Amino acid sequence: MSDIQKIALITGGARRIGAAITKALHETGYGVIIHYRQSAQEAKDLADLLNASRVNSAWTVKADLQSVPQIEQMMAEVVDKAGRLDVLINNASSFYETPIGGVEEKQWDDLMGSNLKAPFFVSQAAFPSLKKHQGSIVNIVDIYAQRALPNYPVYTSAKAGLYALTQSLAKELAPDVRVNGVSPGVILWPENLQAESQRQIIEKIPLQRKGSPADIAETVLFLSEKGRYITGQVIAVDGGKGLV
């Protein structure tokens, strides 16, 4: 049981943008629960690092978020370990190409499951705990939820669904829980993306640079901690890329 004032659960919180969000919340004083599915060592290492700076302030939970029973078990474990829940960050996501003509049903199920089904059922399971403390949910969406990304029709559709889900849950869970989203632009390069391709992408961004995981984490922190009269909004953190 924790004596920390506020607790945040970050799905996919052990790596990349998720880890940046976890660290940002922890630095602000939150106790953090780091969800993982396969990144057990990364989750443990991050929790150990955070607990070294503040004892009993970070925990890990494992779950396949495409399984509703595992989601429900995870939420029970969250309450058991931390005693409460104030903030949920739906960050875990699958991302890969699915060009039309060769899309398999398992790819559809995986991308829709991780990007849309999981945030819904995790939010549903978290709602009773969040309601007790007038908490909030932040969904990590994508700028391509509103602008289709070629060769990614399933992923784009799933994120479009998450955009709509953010607005829908904001109505459904009000006035007790605020629900917002953050849509990252170019933050981390895909593996094996050539330097020339990177340069061409940067040229199309008004701010002429890619963002960093810290940019996303700062916006998540604002929506979680400061934006107390904001709900149903999805903020693009993209250097202006959505303008062109």
Side-chain angles (χ1 to χ4, degrees), residues 5-13 17-18 20-22 24-25 28 30 32-33 35 63 65-66 68 71-72 74-75 78-79 82 84-95 111-148 155-185 187 215-238 241-242:
Q5 184 176 5
K6 292 184 179 181
I7 299 293
L9 167 63
I10 306 93
T11 68
I17 290 175
I21 294 169
T22 299
L25 288 165
T28 310
Y30 279 82
V32 292
I33 300 175
H35 158 265
L65 300 185
Q66 302 210 38
V68 174
I71 288 172
E72 293 172 346
M74 175 186 73
M75 204 56 60
V78 165
V79 174
R84 59 185 287 164
L85 183 64
D86 300 87
V87 174
L88 166 63
I89 312 298
N90 283 311
N91 166 75
S93 171
S94 297
F95 173 77
L111 288 165
M112 286 291 176
S114 65
N115 291 293
L116 184 54
K117 176 185 176 182
F120 176 84
F121 282 101
V122 173
S123 298
Q124 178 172 263
F127 177 59
S129 295
L130 293 172
K131 181 178 180 179
K132 289 180 182 178
H133 306 290
Q134 298 291 292
S136 72
I137 297 171
V138 181
N139 295 322
I140 304 303
V141 191
D142 195 303
I143 58 170
Y144 293 112
Q146 295 179 290
R147 301 179 64 193
Y155 172 82
T156 298
S157 298
K159 286 298 190 182
L162 183 57
Y163 191 109
L165 180 64
T166 300
Q167 296 178 326
S168 180
L169 287 180
K171 287 187 176 183
E172 294 288 332
L173 307 188
D176 302 297
V177 175
R178 296 182 300 107
V179 185
N180 293 290
V182 176
S183 280
I187 303 298
D215 293 316
I216 306 303
E218 288 169 3
T219 309
V220 168
L221 186 59
F222 166 74
L223 289 171
S224 302
E225 189 69 8
K226 301 294 185 182
R228 300 184 186 280
Y229 198 55
I230 302 174
T231 195
Q233 303 303 306
V234 179
I235 300 176
V237 182
D238 65 353
K241 191 175 188 300

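Values in this document were obtained by computation on a predicted structure and should not be read as measured data. Below, all heavy atoms of this structure are taken into account, side chains as well, without hydrogens, waters or symmetry copies.
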Practice item. Any chance you could measure Lys6, atom NZ, to Leu85, atom CG, to the nearest 0.5 Å? Key: 12.0 Å
Exercise for review: Taking the side chain as every heavy atom from C-beta outward, state whether Asp176 and Leu130 have any atom pair closer than 4.5 Å.
Suggested key: no
Study note, to complete from the structure: Scanning both residues in full, the closest heavy-atom pair of Val237 with Val182 reads CG2-CG1, 3.8 Å
Check your understanding: Does any N or O in the side chain of Lys159 come within less than 3.5 Å of the main-chain N or O of Gln146, such that one atom is a donor and the other an acceptor?
Key -> no
Check your understanding: Out of curiosity, Phe222 CZ to Ile230 CD1, how far, rounded to the nearest 0.5 Å?
Key -> 4.0 Å
**Study point:** Separation of Lys117 NZ from Met112 CE (nearest 0.5 Å)
**Key:** 13.0 Å
Revision key, fill the gap. Here the pair of heavy atoms bringing Ala24 nearest to Leu221 is O-CD2, 4.3 Å
**Study point:** Between OG1 on residue Thr166 and CG on residue Asn180, distance to nearest 0.5 Å
**Key:** 8.0 Å
Review point. Rounded to the nearest 0.5 Å, how far apart are OG of Ser123 and CG of Leu88?
Key: 5.0 Å
Check your understanding: Checking Asp238 side chain against Pro184 main chain: does a donor-acceptor pair fall under 3.5 Å?
Key -> no
**Study point:** Nearest-0.5 Å distance that lies between atom OG1 in Thr22 and atom CD1 in Ile10
**Key:** 4.0 Å
Exercise for review: Kindly give the heavy-atom pair with the smallest separation between Gly181 and Val141, and that separation in Å.
Suggested key: CA-CG2, 4.3 Å
Check your understanding: For the side chain of Arg178 and the backbone of Leu223, is there at least one donor-acceptor N/O pair under 3.5 Å apart?
Key -> yes
Exercise for review: Say whether, by atom type as modelled, one donor and one acceptor occur between the side chain of Ser94 and the main chain of Ser114 under 3.5 angstrom.
Suggested key: no
Revision key, fill the gap. Residues 158-185 vs ring-ring contact (aromatic ring centres under 6.0 Å, His included), sequence neighbours excluded, gives none
Study note, to complete from the structure: Looking only at heavy atoms, the pair that brings Tyr155 and Leu111 closest together is N-CD1, 4.1 Å
Practice item. Look only at the side chain of Asn91 and the backbone of Gly12, and say whether a donor-acceptor pair between them is shorter than 3.5 Å. Key: yes
Study note, to complete from the structure: Test side-chain contact (heavy atoms from CB on, under 4.5 Å), reference Ile137, set Val122, Ile89, Leu173, Leu9, output is Leu173
Point to revise | Contact summary for Gln167 and Gly232, nearest pair of heavy atoms | key: CG-O, 3.6 Å
Review point. If you look at every heavy atom in Ser136 and Val177, which pair is closest and at what distance?
Key: CA-CG1, 3.9 Å
Practice item. Look only at the side chain of Asp86 and the backbone of Gly135, and say whether a donor-acceptor pair between them is shorter than 3.5 Å. Key: no
Point to revise | For Ser93, side-chain hydrogen bond (donor to acceptor under 3.5 Å, both in side chains) partners two or more places apart | key: Asn115
Review point. Where do Ile140 and Ile21 land on the side-chain contact (heavy atoms from CB on, under 4.5 Å) test, with the steps shown first?
Key: CA-CA 11 Å; Ile140 304 303; Ile21 294 169; 4.0 Å; yes
